[in-house]
Amino acid sequence: MPLRDTLARVDADLAAGRVPVARQRLRGLVSSFPDDLTLRRRLAEIYRLYGEPAEAGRWMYLEPDRDTAETSAFEARYETAELRMHALAWRGSESLASTDFARGQLEAVRVACSDSMGHPVDWDTASRDTKADSTNSPVADFLAGAGCLVAVVAFLAIWVNGLVALFD
């Protein structure tokens, strides 16, 4: 669906009070057009409707008129350069940004990420190099694995019990 048609649907969703649907449409558009700062700004406005300053700060991070409280909330939620780089969901070079401020912000995050990782990274490979979505602790990972193991053992026990009952 063309950008203009999707934006018209976003407007219709907002007018009808379907804010979650509008948010999903805009998230899809930002994913498809990561260098469109206007889409990011509109997504930030929707997160303000939800009262989510960290997400509003995330999508306004490349704007010079961003709210400092939202920016601080974003930086607190995404504490490392790797997490911020992943959260910004940028693709391609910083030169694709339409403003000098956005280019400067993107470059600063990329350089900080490169410094912390010990090797150069770019926007297209950073998400593969980082574990930005994996914020679980080792204990949580262990408990999740143990839960899966218990579920498999329970399934097998029920299956064996049914098999024994079938032949009795």
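Side chains are part of it too, since the values below use all heavy atoms of this structure and drop only hydrogens, waters and symmetry mates.
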Task: Closest non-hydrogen atom pair, Pro34 against Ala89 - done: CB-O, 3.4 Å
Task: Taking every non-hydrogen atom, the tightest pair across Ala56 and Arg48 - done: CB-CG, 3.9 Å
TODO: Could you list who else is in Val139's hydrophobic cluster, with ILVMFWY side chains joined at under 4.5 Å, directly or through other members?
DONE: Phe142, Leu143
Open item on the list: Closer than 3.5 angstrom, by distance alone: can the side chain of Arg84 be matched with the main-chain N or O of Glu75 as a donor-acceptor pair?
Closed with: yes
TODO: Any chance you could measure Leu43, atom CG, to Arg27, atom CZ, to the nearest 0.5 Å?
DONE: 6.5 Å
Task: Any pair counted as side chain to side chain donor-acceptor pair (under 3.5 Å), so long as it reaches residues 87-97, sequence neighbours left out - done: Ser93-Ser95, Glu94-Arg110, Glu94-Trp123
Listing, residues 11-21 side-chain donor-acceptor contacts under 3.5 Å, not counting sequence neighbours, or none:
unit_1	atom_1	unit_2	atom_2	d
Asp11	OD1	Arg42	NH2	2.5
Asp13	OD1	Arg18	NE	3.1
Asp13	OD1	Arg18	NH2	2.8
Asp13	OD2	Arg25	NE	2.5

Could you list the donor-acceptor pairs under 3.5 angstrom formed by side chains in residues 155-168, with sequence neighbours left out?
none

TODO: Any chance you could lay out the side chain to side chain contact (heavy atoms under 4.5 Å, CB included) test for Leu3 and Leu39, step after step, and finish with the verdict?
DONE: CA-CA 10 Å; Leu3 176 63; Leu39 295 175; 4.1 Å; yes
Open item on the list: Please check: side-chain N/O of Thr71 versus main-chain N/O of Gly57, any donor-acceptor pairing under 3.5 Å?
Closed with: no
Task: Interatomic spacing from CG in Leu106 to CG in Leu88 - rounded to 0.5 Å - done: 6.5 Å
TODO: State whether Glu55 and Arg58 are salt-bridged, where the test is any N-O pair (Lys NZ or Arg NE/NH1/NH2 against Asp/Glu carboxylate O) under 4.0 Å.
DONE: yes
TODO: Establish whether Leu62 and Leu83 are linked, either directly or via other cluster members, by ILVMFWY side-chain heavy-atom contacts under 4.5 Å.
DONE: yes
Open item on the list: Please list all pairs meeting side chain to side chain donor-acceptor pair (under 3.5 Å) that have one or both residues in residues 30-40, counting only residues at least two apart or in different chains.
Closed with: none
Open item on the list: Testing the basics here: between Ser114 and Val121, what is the closest heavy-atom pair and its distance to 0.1 Å?
Closed with: OG-N, 3.0 Å
Open item on the list: Quick check: is Val10 connected to Leu49 through a chain of hydrophobic side chains (ILVMFWY, heavy atoms under 4.5 Å apart)?
Closed with: yes
- [ ] Kindly write out the residues that satisfy ring pair (Phe, Tyr, Trp, His ring centres under 6.0 Å) with Phe74, not counting sequence neighbours, or none if the list is empty.
- [x] Tyr61, Tyr78
TODO: Take Leu26 and Leu7, measure what side chain to side chain contact (heavy atoms under 4.5 Å, CB included) needs, and give me the verdict at the end.
DONE: CA-CA 8 Å; Leu26 277 171; Leu7 286 174; 4.2 Å; yes
Task: Distance in Å, Met85 CE paired with Ser116 OG, rounded so as to fall on 0.5 Å steps - done: 9.5 Å
- [ ] Determine, stepwise, if the pair Asp65 / Arg41 fulfils side chain to side chain contact (heavy atoms under 4.5 Å, CB included).
- [x] CA-CA 11 Å; Asp65 62 337; Arg41 179 179 290 274; 2.8 Å; yes
